[in-house]
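Reading through the structure tokens given below for one structure.
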Amino acid sequence: MAKRIDVSGLTAYYSSHKAIEDISMTVEPRSVTAFIGPSGCGKSTFLRTLNRMHEVTPGGRVEGKVLLDDEDLYGSHVDPVAVRRTVGMVFQRPNPFPTMSIFDNVAAGLRLNGSYKKSELNDVVEKSLKGANLWNEVKDRLNKPGSGLSGGQQQRLCIARAIAVEPQVLLMDEPCSALDPISTLAIEDLIGELKERFTIVIVTHNMQQAARVSDRTAFFNLAAVGQPGKLIEIDETERIFSNPSVQATEDYISGRFG
Amino acid sequence: MSHATVPVKRPDSLSAARLPRWSPWAIAIGSVAAGCAIGLGAGLDSRIQWGLIAALLFVGVTYALGAKVEGRRQAKDRVATSLVWVAFILAVIPLASLVYETVARGIKVLDVYFLTHSMGFVTSYEPGGGIYHAILGTLEQVGLATLISVPIGLLTAIYLVEYGRGKLAKAVTFFVDVMTGIPSIVAGLFILSFWILILGFGYSGFAGSMALSILMIPVVVRSTEEMLKLVPNELREASLALGVPKWRTILKVVLPTSIGGITTGVMLAVARIAGETAPVLLLVFGNPLINGNPFSGPQASLPLYIYDQYAKSGGSQAAYDRAWAAALVLIAFIMILNLVARGIARWKAPKSGR
Ligand SMILES: Nc1ncnc2c1ncn2[C@@H]1O[C@H](COP(=O)(O)OP(=O)(O)OP(=O)(O)O)[C@@H](O)[C@H]1O
Ligand SMILES: [Mg+2]
């Protein structure tokens, strides 16, 4: 199920502003890859190029290749909607649909795609909520609005919503930045479980978190403000945190930076 | 580095003398009494003058007392508050007196018979008759206008907010702006020359509806646009990231989130056109008999009925009474629409809480 991502020579623009330049990397299936780097270096931008959400931004443009198991996401016959069904995404701020109940939020992906059997829906919702470690907290109030949950619960609801459509890759943009340590821990545990089934990419500003959850870590940086962000290095997380091959990485991780 | 210190006057204590809670009321009652007394004493005829004197006294006394007891800053605060109140009352007085006058005069002939019968062959000089034909006409014309305007307005707004980029969107926005400013008589004349004089169709409720939709479409576009812009982008992205196509995202996520506000906007637009007289005068023509078919032949409508009873009755009291009663019905209709709009907005608002 989980797929490998091969990026080569990827450059992304906002109108005329080049946000990231010439990024190449491989993301292994059934593993967690963490992106770290200073603010504004293009981590979110790069993440959004991996499921073609970048082009949703007005003026967003991409050059280069992203291969998902040998299929180029930016090929001329590729349907971005199909790409997003395969590569799911969790955002920095929890964004449940305010008009929908908890149940409907989780079912939204299936319902809105029109591809579901009524009888399966209950099972899928229960399975996804259990997968997101939220089932026990909400099973008695599935028909209540999703916006009535706490921030951490909302974020797990969004994760449940994302995994309900069975994507093959899950992109997470700072999923814990608005959460308390306990919810953060719950989501980190969850990531550990989810990697059995999905390929996971996570952006984080929290070094400990990157060290705890990821198998591989990529460090991004930018030469100066206004310059495009670049991939400095990507390696096993242990190596990046103990013995990185580039000095800038070590400086950033040890906090001797800027 | 040294910090430049700005001299600050600090109060010696955090609590200070305050006017009692009831003081604004006392001052208000006092100034109204004083206003009446001065008005009576000086023999001023106009009640408006009395009121203005009272208002000025209210603001002045509030400031003087506030400054004396509480200090200048609090006094300014009190003056601002009292000015807001005075402005509010000035705005409410005409509205209240309008509603009072209409109810008082309209209630005389308003009964079930009046609501369920047409004028028939009652001439405008004699008492009797009713407004059933006018209510029917207004409902049909406004209903048709809404049927035309809402889809066009909604789709235009969706285009502008969700898809519109570049020149075309700018042009559409510009024309919507221009349409907002079209006087209703011009809209009426346009349909008159196009539909009736050039294409040769006769007077009908539908012709009126077309003119009314010219007035209604820009209002619907504008209000819908504002509501759609209020939907956070994150919701659209959340839906797109689930692999939902854009049109479905708009249909299932964006519109449901904003449907309350959109409905309110549509209802307000309906209320706005329900009272339009000029296009109806030109295109629907008026008819004392019941004509249930809006597509052929002259119809009646409430604003037109009011105008006819007033202008074409030679000053007969019976006709004036009917005009007031019809005005009361029209105001009630619009108020009910507004209430319904509020109800829907509250009912459909995104839910929060547990
Ligand atoms: N919608 C946008 N329009 C124009 N420029 C943008 C937009 N979003 C981001 N940028 C620019 O692209 C660059 C990379 O931004 P990005 O959001 O990818 O950074 P980031 O690494 O995710 O930062 P952070 O850690 O603060 O989230 C920045 O220079 C930013 O100003
Ligand atoms: Mg970011």
Side-chain angles (χ1 to χ4, degrees), chain A residues 47-48 50-59 79-102 104-115 138 141 143-150 157-158 161-167 170-171 173, chain B residues 154 158-170 172-173 224-265 343-354:
Chain A
L47 198 71
R48 289 163 61 93
L50 300 183
N51 67 344
R52 295 193 63 167
M53 282 299 285
H54 179 63
E55 64 209 65
V56 170
T57 320
D79 176 10
V81 171
V83 170
R84 292 177 203 138
R85 253 173 239 185
T86 318
V87 185
M89 184 158 197
V90 175
F91 296 81
Q92 177 170 358
R93 288 220 324 232
N95 51 1
F97 298 125
T99 50
M100 299 184 194
S101 66
I102 294 173
D104 292 343
N105 258 289
V106 182
L110 296 177
R111 279 217 181 113
L112 297 183
N113 288 328
S115 59
V138 301
R141 46 171 168 145
N143 293 318
K144 297 280 165 59
S147 40
L149 297 172
S150 80
L157 180 65
C158 293
R161 181 176 70 185
I163 60 182
V165 292
E166 293 282 322
L170 196 57
L171 310 175
D173 194 351
Chain B
L154 218 61
I158 289 176
Y159 168 76
L160 286 178
V161 175
E162 305 288 338
Y163 294 95
R165 309 257 177 274
K167 287 221 172 86
L168 182 58
K170 284 220 179 76
V172 173
T173 311
T224 308
E225 228 186 317
E226 294 309 317
M227 288 304 135
L228 292 179
K229 278 185 194 156
L230 284 182
V231 176
N233 239 337
E234 286 141 39
L235 293 184
R236 296 187 180 91
E237 295 201 335
S239 173
L240 291 175
L242 287 173
V244 179
K246 185 161 181 173
W247 65 271
R248 263 194 112 94
T249 298
I250 294 171
L251 208 63
K252 299 283 185 175
V253 174
V254 178
L255 284 181
T257 308
S258 52
I259 194 69
I262 294 176
T263 325
T264 312
I344 291 178
R346 183 171 298 182
W347 172 51
K348 280 289 181 186
K351 294 156 193 70
S352 64
R354 292 157 189 243

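A quick note: this is a predicted structure, and the numbers were derived from the prediction, not measured.
- B:Arg165 touches chain A through its side chain: at least one heavy atom from C-beta onward sits under 4.5 Å away, while N, CA, C and O do not.
- The minimum heavy-atom distance linking B:Leu242 with A:Ala162 is given by the pair CD2-CA, 4.1 Å.
- Residue B:Lys246 qualifies as enclosed at atom NZ: its count of foreign heavy atoms under 6.0 Å is above 12.
- Contact of A:Val87 with chain B is made through the backbone alone, with heavy-atom distances under 4.5 Å.
- Nearest heavy atom pair, residue B:Pro245 against residue A:Arg85, reads CD-NH2, 4.1 Å.
- Closest of all the heavy-atom pairs between A:Phe91 and B:Ala238 is CE1-CA, 3.8 Å.
- Distance check, rounded to the nearest 0.5 Å: CD of B:Glu234 to CD of A:Gln92 gives 9.5 Å.
- Interface remark: B:Val253 contributes side-chain atoms only to the contact with chain A (heavy atom separation under 4.5 Å).
- The shortest non-hydrogen separation linking A:Met89 to B:Ala241 is CB-CB, 3.9 Å.
- Counting heavy atoms of neighbouring residues, nucleotides and ligands inside a 6.0 Å radius, atom CZ of A:Arg111 exceeds 12 of them.
- With respect to A:Thr99, the side-chain contact (heavy atoms from CB on, under 4.5 Å) criterion is satisfied by exactly one of B:Thr257, B:Leu235, B:Ile259: B:Thr257.
- Heavy atoms closer than 4.5 Å to chain B are found nowhere in A:Pro80, neither backbone nor side chain.
- Between B:Ser239 and A:Leu112 there is a side-chain heavy-atom pair separated by less than 4.5 Å.
- With sequence neighbours excluded, no residue forms a salt bridge (charged side-chain N to carboxylate O under 4.0 Å, His left out) with B:Glu226.
- With sequence neighbours left out, B:Glu237 forms a salt bridge (charged side-chain N to carboxylate O under 4.0 Å, His left out) with A:Arg48.
- Contacts of B:Thr249 with chain A are absent, with no heavy-atom separation under 4.5 Å from either backbone or side chain.
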